[in-house]
Amino acid sequence: MRKILIADDNNANRYFLEALFKGEGYETILAKDGVGALELARKYKPDAIITDILMPVMDGFELCRIWKSDAELKNIPFIVYTATYTEPKDEQLMMKLGADRFLIKPMQPESMAEAVREVLAQDKPPRQPEISGDEMEGLKRYNEVLFHKLEQKISQLENEVSERRKAEEKLLKTVDALVRTSAELDKFSAASYHDLQEPLRMITSYLQLLEKRLEGKLDNETSGYINTVIEGAKHMSTLVKGIIDYSKVDKLEDRYEKVDMDSLADSVIAGLKNDKKYASASINKAPLPRVMGSKVK
């Protein structure tokens, strides 16, 4: 089974190539940088290497230079797969260092696999370096720029991590504050419910007591007034309970049931009919569905 050495500091890129070439029937060896790639190449003697350029410790340019000067490795095809250095001058430099193929990320999996098959199937020997002393000096300067970019990238990542941590801390504080606020609102709701219900209970109780003591002494109209007030107080009590329940709607999922909207609408219309303002109103209602909700008891 042919072996492919994959060198890339990005986990996602490394695992993508690993999955691709395992699926193509190759054995894969993974490295995170140029130094690790050299160690693994000397140990396992792969049939080809696919490497990124921008990597820590040792970049792809330096890896190629050392690879092509190593008697044991120089005839092993060297394939570059980069997303950072994609200019023609980057390709020219890498090819002068002896790279056999220069590929730019991203590529379709089938195109990537075909490119590697072509390199491995070529009859001619792998390319050798064609770089002068002046160009080597230029490469050193190029590497300095490369490392500077890498340092900037690391610094940027560190800043992003720091900002993310700050955002997470702020989010945790916000969540904690919301939890405390929710607990305080629960206490307030309970207290408000008691404070609002108590006078309504008193109104209902005293009116019922008054009605009982004056039983037989009240005319029908007066009895009707008393009953209307009692029913109004009871209705108000139900509304208060409904408002409190609505404030806890996110905690009432276990109390959800199918609610008959037709019956609910009928009760609302009946309540409006008891109000003189709406007594002569014409209210039309179409058939309504049953929906899931927390029914007011």
Side-chain angles (χ1 to χ4, degrees), residues 1-11 13-22 24-86 89-105 107 111-147 150:
M1 182 183 291
R2 285 189 154 183
K3 297 190 287 288
I4 301 289
L5 174 58
I6 299 166
D8 198 310
D9 65 323
N10 185 285
N11 291 338
N13 292 337
R14 208 164 53 244
Y15 295 144
F16 163 72
L17 293 175
E18 178 187 25
L20 171 62
F21 287 104
K22 277 187 174 180
E24 292 288 325
Y26 296 92
E27 179 183 345
T28 57
I29 308 164
L30 307 181
K32 296 181 180 179
D33 54 58
V35 171
L38 283 174
E39 292 176 355
L40 292 170
R42 288 166 180 154
K43 181 177 180 181
Y44 295 107
K45 301 297 187 297
D47 293 283
I49 178 172
I50 303 172
T51 180
D52 192 12
I53 295 179
L54 184 61
M55 297 184 293
V57 186
M58 180 187 291
D59 62 82
F61 291 114
E62 182 67 8
L63 173 60
C64 188
R65 185 188 68 79
I66 295 174
W67 189 279
K68 290 299 180 176
S69 63
D70 188 300
E72 295 181 353
L73 304 177
K74 64 182 181 181
N75 292 322
I76 298 174
F78 195 96
I79 302 170
V80 177
Y81 189 43
T82 178
T84 306
Y85 291 88
T86 58
K89 59 185 174 72
D90 301 319
E91 181 176 1
Q92 290 168 10
L93 177 57
M94 189 57 83
M95 299 306 284
K96 281 189 174 184
L97 284 167
D100 295 274
R101 190 64 65 92
F102 190 90
L103 305 175
I104 295 175
K105 300 175 183 177
M107 285 183 71
S111 300
M112 183 72 189
E114 179 60 27
V116 172
R117 281 195 294 268
E118 288 176 1
V119 172
L120 291 174
Q122 64 188 7
D123 295 330
K124 58 184 179 180
R127 300 181 73 259
Q128 299 303 317
E130 303 172 3
I131 193 164
S132 65
D134 289 341
E135 287 173 321
M136 284 300 299
E137 185 62 31
L139 177 59
K140 289 180 181 178
R141 291 195 298 271
Y142 204 79
N143 282 340
E144 290 176 1
V145 174
L146 184 69
F147 284 124
L150 186 58

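Values in this document were obtained by computation on a predicted structure and should not be read as measured data.
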Checklist entry - Run the side chain to side chain contact (heavy atoms under 4.5 Å, CB included) check on Ile53 and Phe102 step by step: do they pass? => result CA-CA 11 Å; Ile53 295 179; Phe102 190 90; 4.1 Å; yes

Checklist entry - Quick one: do Lys22 and Glu18 make a salt bridge, cutoff under 4.0 Å? => result yes

Item to check | Distance in Å, Leu30 CG paired with Asn11 CG, rounded so as to fall on 0.5 Å steps | outcome: 10.0 Å

Next on the checklist: So does Asp47 get a backbone contact from the side chain of Arg2, meaning a donor-acceptor N/O pair under 3.5 Å?
Outcome noted: no

Checklist entry - Should Val116 and Val119 count as side-chain neighbours, where that means a heavy-atom distance under 4.5 Å? => result no

Item to check | side chain to side chain donor-acceptor pair (under 3.5 Å) involving Lys74 - partner list, sequence neighbours excluded | outcome: none

Next on the checklist: If I take atom CD1 from residue Ile6 and atom CG from residue Leu40, how far apart are they, to the nearest 0.5 angstrom?
Outcome noted: 11.5 Å

Next on the checklist: Quick check against the 3.5 Å criterion: does Tyr81 have a side-chain atom that pairs as donor or acceptor with the backbone of Met107?
Outcome noted: yes

Checklist outcome for this item: Exactly one of Thr82, Thr84, Asp8, Asn10 clears side-chain hydrogen bond (donor to acceptor under 3.5 Å, both in side chains) with Lys105, and that residue is Asp8

Next on the checklist: For Ile4 and Glu27: C-alpha separation, side-chain torsions, deciding distance, then whether side chain to side chain contact (heavy atoms under 4.5 Å, CB included) applies.
Outcome noted: CA-CA 6 Å; Ile4 301 289; Glu27 179 183 345; over 6 Å; no

Item to check | From CA spacing to verdict: side chain to side chain contact (heavy atoms under 4.5 Å, CB included), Val80, Arg101 | outcome: CA-CA 6 Å; Val80 177; Arg101 190 64 65 92; over 6 Å; no

Checklist entry - From Leu17 CG over to Ile50 CD1, what is the distance, rounded to the nearest 0.5 angstrom? => result 5.5 Å

Checklist entry - Which heavy-atom pair separates Ala48 from Leu120 by the least distance, and what is that distance? => result CB-CD2, 3.8 Å

Item to check | All salt bridge (charged side-chain N to carboxylate O under 4.0 Å, His left out) counterparts of Lys45, not counting sequence neighbours | outcome: Glu72

Next on the checklist: Between the side chains of Arg65 and Asp59, is the shortest nitrogen-to-carboxylate-oxygen separation below 4.0 Å, so that they form an ion pair?
Outcome noted: no

Checklist outcome for this item: Output for pair (Thr86 OG1, Leu103 CG), nearest 0.5 Å, gives 12.5 Å

Next on the checklist: I'd like to know if the side chain of Ser69 reaches the main chain of Ile66, judged simply by a donor and an acceptor atom lying under 3.5 Å from each other, with no hydrogens or angles considered.
Outcome noted: yes

Next on the checklist: Donor-acceptor check, side chain of Asp100 to backbone of Phe78, threshold 3.5 angstrom: yes or no?
Outcome noted: yes

Checklist entry - Does the Trp67 side chain pair with the main chain of Pro77, one donor and one acceptor, at a distance under 3.5 Å? => result no

Checklist entry - Do you know the tightest heavy-atom contact between Ala37 and Leu5? => result O-CD2, 3.4 Å

Next on the checklist: Show the nearest heavy-atom pair for residues Lys68 and Pro126, with the distance to one decimal.
Outcome noted: NZ-CB, 3.9 Å

Checklist outcome for this item: Smallest heavy-atom separation, Met1 atom then Tyr26 atom, equals SD-C, 3.8 Å

Checklist outcome for this item: So CG of Leu97 and CZ of Phe61: to nearest 0.5 Å the spacing works out to 7.5 Å

Next on the checklist: Quick check for you: to the nearest 0.5 Å, what is the distance between Cys64 atom SG and Met95 atom CE?
Outcome noted: 9.0 Å

Checklist entry - Which pairs, with at least one residue in residues 29-44 and sequence neighbours excluded, count as a salt bridge (charged side-chain N to carboxylate O under 4.0 Å, His left out)? => result Arg42-Asp70

Checklist entry - So Ile79 and Thr51, side chain to side chain contact (heavy atoms under 4.5 Å, CB included) or not? Walk me through it. => result CA-CA 6 Å; Ile79 302 170; Thr51 180; over 6 Å; no

Item to check | Cationic N near anionic O, under 4.0 Å, Arg117 to Glu24 | outcome: yes

